[in-house]
Amino acid sequence: MTIEQKLSVLESMTQIADEGGMAEGEAQLLSNFLPLRSYSKMADERVFLITGGRGAGKTELFRVLTSPDGFKHVVSELDRKRYTGSQQRRFIVGYITNINASSRSKDFPANEIFSSYAKEQKEERITCLWAGMLCYVLLREFAGEPGLIGLANESLGVELTEILIQPDSCKQPRLWIGRMEENVQGWELFFDRVDDYFEQQSLQIYVTYDELDRICPKYSDLFIYIRALLNFWYTHNNRWRYLKAKIFLRSDLYNSRALHFVDASKMRGLHMELKWDSPSLYRLLIKRLMNCGNLDVETYLADIPGLYEGQKKGVLGYIPGVSEDVSKCLMEKMVGKYMGSNPKKGLSYSWIPNHIQDANSEISPRSFLKCFLFAAQDMYDNSSEVAKLQGKYVLSPSRLQAAVTKVSVDRVKELTQEEYGWLENLVDRLRGQTMLMDKMEFMHYLEVQAWPEAERDELPGTTALEIFDVLKTLGIIQETWDGRINVPEIYLHGFGLKRRGGIRRPR
């Protein structure tokens with residue numbers, strides 16, 4: 001294998017991870033998307049809540065579902081028929097806030113408007129706000145169907161219907177929120193009749209919600225909106241058969257004590273969690289390499305037994321099989337069987353997942369892919385090092401090890417610059433400290449008074465213990481059996497922490 005061919009493979013590997021997939025066109029979105037077997041539960045009409053950690057693929061799944069024929073790309077035909085029969089399904093956007101993801105985000109109120117209603121702490125009003133937005137979405141989506149518009153006129157009244165059907169009305173709740181509060185029976189009747197209307201047409205409608213963590217700038221304001229939306233659909237989930245929801249939500253928000261939603265036992269069968277195991281992560285890597293459009297990469301992969309066997313390229317591109325042996329062969333070809341010259345260095349296949357899992361043993365697909373991206377970029381920038389690799393190796397173990405550090409820094413940077421801005425101050429204060437740390441000492445760093453007064457409203461709690469619980473839920477820290485605090489490697493380097501020793505096992 002020539003040095004030029006190796007560099008060509010490495011160059012394609014530097015493009016396997018996007019920044020959340022927001023700028024992708026539909027073709028690239030589908031070629032990058034890997035439908036997991038666990039997604040079959042998406043076909044269950046009872047399931048309305050889908051949770052996952054940051055980078056678990058919630059928004060990518062949301063975008064595929066709301067794209068043309070998206071449901072067919074996510075769930076196999078067999079599972080679709082098993083769960084929902086042969087009726088037609090349509091996924092429509094009930095709420096989204098990131099304007100880079102969809103032009104539909106401009107349909108909904110700005111963050112400042114949501115914040116103003118959150119200050120009142122009136123959950124009944126927030127429920128009416130969600131109901132009004134649902135009315136708007138349905139009226140706009142089916143504006144060309146006189147039958148549905150007629151139901152709205154009869155149930156909501158002509159005046160309210162005319163307001164809600166206007167293009168910019170959803171962005172101005174002040175135009176209709178009062179009327180929605182005065183006419184709860186009317187909009188409840190409207191939704192009941194809409195459900196009957198869709199049944200007559202054998203049409204299953206799924207209203208999808210994403211990015212609820214960005215609905216308000218203030219962390220504490222999020223929960224009244226999330227709780228009201230979950231309660232709304234939990235209450236109506238069994239009442240309506242053809243009007244359903246799929247709500248995508250961060251796991252830490254769903255598990256937060258501040259949410260005060262129904263207990264987990266009542267949510268069995270209604271909730272699914274997005275999780276990735278090592279075989280699925282390697283399948284995602286292989287799929288993105290298989291579909292990158294580089295002939296040198298296709299040639300490089302071609303002699304891996306079983307990788308292309310029986311594969312047909314459709315709208316999703318090549319989809320690799322589920323054999324774990326294929327992934328192990330790929331790693332042996334790219335890196336070698338071990339992360340060094342002997343087994344003591346660890347198997348290359350398991351080394352990366354072991355080093356980038358969080359304290360909850362979960363792995364973000366984005367972080368996994370970026371390990372290979374950063375390692376490939378370093379190798380590509382140092383072509384003399386590539387020339388020294390034997391055979392068909394394209395990555396060195398040392399570059400993958402360095403990539404884990406970069407991924408950690410990148411992960412923490414993403415957290416502090418996006419959803420978890422309050423973490424930045426904590427990162428600055430913890431920098432240079434050594435793990436494992438006594439819990440009492442660690443709790444001092446979490447005292448609310450340690451943050452500047454102007455930043456305290458952004459904190460996910462009003463006490464050190466509440467902030468501690470959030471860090472545990474996020475998988476940033478874990479508490480050992482002997483009362484010390486550990487930070488996994490995926491966050492250790494990004495926090496600028498050092499580690500002395502490991503976790504002592506109980507006797």
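One is the number of the first residue; the rest follow in order along the sequence.
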In terms of side-chain heavy atoms, does [X] have a donor or acceptor partner in [Y] at a distance below 3.5 Å?
{"X": "T51", "Y": "E273", "result": "yes"}
{"X": "N425", "Y": "R429", "result": "yes"}
{"X": "Y420", "Y": "D252", "result": "yes"}
{"X": "H236", "Y": "E188", "result": "yes"}
{"X": "D168", "Y": "Q172", "result": "no"}
{"X": "W233", "Y": "Y209", "result": "yes"}
{"X": "D210", "Y": "T59", "result": "yes"}
{"X": "Y197", "Y": "E145", "result": "yes"}

Is there a side-chain contact between [X] and [Y], using heavy atoms and a 4.5 Å cut-off?
{"X": "L138", "Y": "L243", "answer": "yes"}
{"X": "K246", "Y": "M42", "answer": "yes"}
{"X": "R456", "Y": "W422", "answer": "no"}
{"X": "I205", "Y": "Y242", "answer": "no"}
{"X": "Y136", "Y": "S169", "answer": "yes"}
{"X": "Y206", "Y": "I92", "answer": "no"}
{"X": "W187", "Y": "M180", "answer": "yes"}
{"X": "L249", "Y": "L230", "answer": "yes"}

> Between F248 and L49, does a side chain to side chain contact (heavy atoms under 4.5 Å, CB included) hold up when you go through it step by step?
Replying inline: CA-CA 6 Å; F248 292 82; L49 176 63; over 6 Å; no

Quick check: closest heavy atoms across [X] and [Y], and the distance to 0.1 Å?
{"X": "A228", "Y": "T127", "result": "CB-OG1, 3.9 Å"}
{"X": "I224", "Y": "A118", "result": "CG2-CB, 4.3 Å"}
{"X": "P35", "Y": "F33", "result": "CD-O, 3.6 Å"}
{"X": "C128", "Y": "W176", "result": "O-CZ3, 4.0 Å"}
{"X": "I477", "Y": "V487", "result": "CG2-CG2, 4.0 Å"}
{"X": "N183", "Y": "S155", "result": "ND2-O, 3.6 Å"}

Calculate, to the nearest 0.5 Å, the distance between atoms [atom1] and [atom2] belonging to [X] and [Y] respectively.
{"X": "E162", "Y": "L139", "atom1": "CD", "atom2": "CG", "answer": "11.5 Å"}
{"X": "L492", "Y": "R411", "atom1": "CG", "atom2": "CZ", "answer": "15.0 Å"}
{"X": "L270", "Y": "K41", "atom1": "CG", "atom2": "NZ", "answer": "8.5 Å"}
{"X": "L274", "Y": "S38", "atom1": "CG", "atom2": "OG", "answer": "7.0 Å"}

Is the backbone N or O of [Y] less than 3.5 Å from a side-chain atom of [X], with the two atoms forming a donor-acceptor pair by type?
{"X": "T14", "Y": "A376", "result": "no"}
{"X": "N360", "Y": "E362", "result": "no"}
{"X": "Q204", "Y": "R241", "result": "yes"}
{"X": "S256", "Y": "L253", "result": "no"}
{"X": "E441", "Y": "M437", "result": "no"}
{"X": "T434", "Y": "K498", "result": "no"}

Evaluate the ring planes of [X] and [Y], with Trp represented by its six-membered ring, and classify them as parallel (under 30°), tilted (30 to 60°) or perpendicular (over 60°).
{"X": "F114", "Y": "Y95", "value": "perpendicular"}
{"X": "W240", "Y": "F191", "value": "perpendicular"}
{"X": "F495", "Y": "Y491", "value": "perpendicular"}

> Considering the options Y282, W351, W276, which one meets the ring pair (Phe, Tyr, Trp, His ring centres under 6.0 Å) requirement together with F368?
Replying inline: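 Of the listed residues Y282, W351, W276, the ring pair (Phe, Tyr, Trp, His ring centres under 6.0 Å) partner of F368 is Y282.
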
Any Lys/Arg nitrogen of [X] or [Y] sitting under 4.0 Å from an Asp/Glu carboxylate oxygen of the other?
{"X": "D438", "Y": "R484", "answer": "no"}
{"X": "E181", "Y": "K122", "answer": "no"}
{"X": "R140", "Y": "D107", "answer": "no"}
{"X": "R499", "Y": "E489", "answer": "no"}
{"X": "E159", "Y": "R179", "answer": "yes"}

>> Does the structure place the NZ or CZ of K266 under 6.0 Å from the centre of the six-membered ring of Y234, at an angle of no more than 45° from the ring's axis?
In response: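 Geometry flag: not set, cation outside 6.0 Å or 45°.
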
> Should E211 and K58 be marked as a salt bridge (charged side-chain N to carboxylate O under 4.0 Å, His left out) after you check the CA-CA gap, both sets of side-chain angles, and the distance that decides it?
Replying inline: CA-CA 9 Å; E211 296 180 326; K58 298 185 300 299; over 6 Å; no

Residue of the set [options] for which side chain to side chain contact (heavy atoms under 4.5 Å, CB included) holds with [X]:
{"X": "I363", "options": "I356, D358, I352", "result": "I356"}
{"X": "V412", "options": "D410, T416, V409", "result": "T416"}
{"X": "I16", "options": "L289, N291, L284", "result": "L289"}

>> Test side chain to side chain contact (heavy atoms under 4.5 Å, CB included) on E458 and W451; report intermediate values, then the result.
In response: CA-CA 10 Å; E458 300 176 9; W451 274 269; over 6 Å; no

Take a 6.0 Å sphere around [atom1] of [X] and say whether it holds more than 12 heavy atoms from other residues, nucleotides or ligands.
{"X": "R257", "atom1": "CZ", "value": "no"}
{"X": "R431", "atom1": "CZ", "value": "yes"}
{"X": "Q185", "atom1": "CD", "value": "no"}
{"X": "E120", "atom1": "CD", "value": "yes"}

> Should E112 and S116 be marked as a side-chain hydrogen bond (donor to acceptor under 3.5 Å, both in side chains) after you check the CA-CA gap, both sets of side-chain angles, and the distance that decides it?
Replying inline: CA-CA 6 Å; E112 294 77 14; S116 66; over 6 Å; no

>> Assess the residue pair D69 and V315 against the criterion (side chain to side chain contact (heavy atoms under 4.5 Å, CB included)); give the C-alpha distance rounded to whole Å, side-chain angles, the decisive distance to 0.1 Å, and a yes or no.
In response: CA-CA 11 Å; D69 294 323; V315 290; over 6 Å; no

> Could you walk me through whether F198 and L148 pass the side chain to side chain contact (heavy atoms under 4.5 Å, CB included) check?
Replying inline: CA-CA 9 Å; F198 291 145; L148 191 142; 4.0 Å; yes

> Under the ring pair (Phe, Tyr, Trp, His ring centres under 6.0 Å) criterion, do Y254 and H271 qualify, and how do the steps go?
Replying inline: CA-CA 11 Å; Y254 176 61; H271 168 222; 4.8 Å; yes

